[in-house]
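Here is the structure we will look at, set down as structure tokens.
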Amino acid sequence: MAAPDLQNTFEAALAARANAHAPYSHFKVGAALLLQNGTVVSGCNVENSSYGGTICAERTAICRAVAQFGTFAPKALVLVTEPAATPCGLCLQVISEFCPPELPIYMSTPSGLGKAIALKELLPHPFGPDKLK
Ligand code: THU
């Protein structure tokens, strides 16, 4: 698959990052999910003074997509952090619930789009619904 045009998606992740609520870690994260139909769904991290209540940017974006569309077809995920970072293990598991193993995840900084790594490379052995049968 050719690399999708991700300029809008990158800008959505950057804009979401500006809204991050990160007064404790000061580590702001923006995420934007590009869907196959061109729709972009963004999210940011939302921290809580009870630290365990914190929600990562990737999960915010995924939950938004579920709430808005129910089912959806993801094409790419763009993250914006400084420095560039891979998603945490918990987010990878949640991403794997809704996205194909080939999903490219672009680890970016505010300076521009970064390199992509496929979800299946970051989480080669996700827990899956087959285990619940
Ligand atoms: N964070 C994310 O938003 N996504 C990740 O994949 C890793 C971590 C957030 C959670 C917390 O607000 C801050 O980054 C530091 O861990």
Side-chain angles (χ1 to χ4, degrees):
M1 183 181 82
D5 177 9
L6 290 163
Q7 191 54 33
N8 288 348
T9 312
F10 172 76
E11 282 167 18
L14 193 59
R17 182 176 183 262
N19 292 332
H21 179 69
Y24 308 108
S25 74
H26 304 289
F27 188 76
K28 294 183 167 218
V29 185
L33 196 60
L34 173 64
L35 307 185
Q36 295 287 353
N37 67 6
T39 303
V40 176
V41 184
S42 65
C44 62
N45 53 333
V46 182
E47 296 186 348
N48 194 278
S49 56
S50 178
Y51 298 163
T54 293
I55 305 170
C56 294
E58 299 91 323
R59 283 180 288 138
T60 305
I62 293 275
C63 289
R64 248 184 116 180
V66 174
Q68 276 185 268
F69 304 117
T71 56
F72 52 94
K75 188 172 185 179
L77 177 65
V78 173
L79 303 181
V80 177
T81 56
E82 181 65 78
T86 51
C88 74
L90 179 53
C91 284
L92 288 170
Q93 178 62 35
V94 173
I95 293 166
S96 79
E97 178 82 17
F98 296 99
C99 300
E102 295 75 23
L103 183 89
I105 301 177
Y106 290 81
M107 274 69 65
S108 311
T109 69
S111 316
L113 195 66
K115 73 162 185 170
I117 300 179
L119 173 59
K120 65 182 176 191
E121 286 185 58
L122 293 170
L123 187 66
H125 304 288
F127 183 83
D130 52 307
K131 306 297 183 302
L132 300 177
K133 287 180 181 140

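All heavy atoms count here, side chains included; hydrogens, waters and symmetry mates do not.
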Heavy-atom closest contact (Ala116 atom, Pro104 atom, distance): CB-CB, 4.1 Å
Exam field: side chain Thr60 to backbone Cys44, donor-acceptor pair closer than 3.5 Å: yes
Whether Asn45 side chain and Ala22 backbone form a donor-acceptor pair below 3.5 Å: no
Heavy-atom side-chain contact between Leu122 and Pro87 under 4.5 Å: yes
Any Phe69 side-chain heavy atom under 4.5 Å of Thr39 side chain: yes
Separation of Leu113 CG from Leu14 CG (nearest 0.5 Å): 11.5 Å
Which atom of Gln68 lies closest to which atom of Val41, heavy atoms considered: OE1-CG1, 3.9 Å
Cluster link Val78 to Leu123, ILVMFWY, side chain under 4.5 Å: no
Backbone of Ala32 reached by a side-chain donor or acceptor of Ser42 within 3.5 Å: no
More than 12 heavy atoms from other groups under 6.0 Å of NZ on Lys131: yes
Separation between CG of Leu90 and CD1 of Ile95, rounded to the nearest 0.5 Å: 9.5 Å
Leu119, Leu34, Ile117 screened by side chain to side chain contact (heavy atoms under 4.5 Å, CB included) with Leu103, the one that passes: Leu119
Test item: Val66 and Phe72 side chains (from C-beta on) under 4.5 Å apart, heavy atoms: yes
N/O donor-acceptor pair under 3.5 Å between Asp5 side chain and Gln7 backbone: yes
Parallel, tilted or perpendicular: rings of Tyr24 and Tyr51 (30°, 60°): tilted
Phe10 with Leu35, same ILVMFWY side-chain cluster at under 4.5 Å: no
Spatial distance of atom CD (Glu102) from atom NZ (Lys120) [nearest 0.5 Å]: 4.5 Å
Under 3.5 Å donor-acceptor, Glu82 side chain and Pro110 backbone: no
Nearest atoms (heavy-atom pairs only) where Ala31 meets Ala16: O-CB, 4.5 Å
Minimum heavy-atom distance between Pro83 and Thr109, given as atom pair plus value: C-CG2, 4.4 Å
Gap between atom CD of Glu121 and atom CD1 of Ile105 - 0.5 Å precision: 10.0 Å
N/O donor-acceptor pair under 3.5 Å between Glu58 side chain and Cys91 backbone: no
Side-chain heavy-atom pair Val40, Glu11 within 4.5 angstrom cut-off: no
Any Ile62 side-chain heavy atom under 4.5 Å of Cys99 side chain: yes
Minimum heavy-atom distance Arg59-Val94, with the two atoms named: CD-CG2, 3.7 Å
Closest contact, heavy atoms only, Ala61 versus Gly43: CB-N, 3.8 Å
Distance (rounded to the nearest 0.5 Å) between Leu77 CG and Tyr106 OH: 10.5 Å
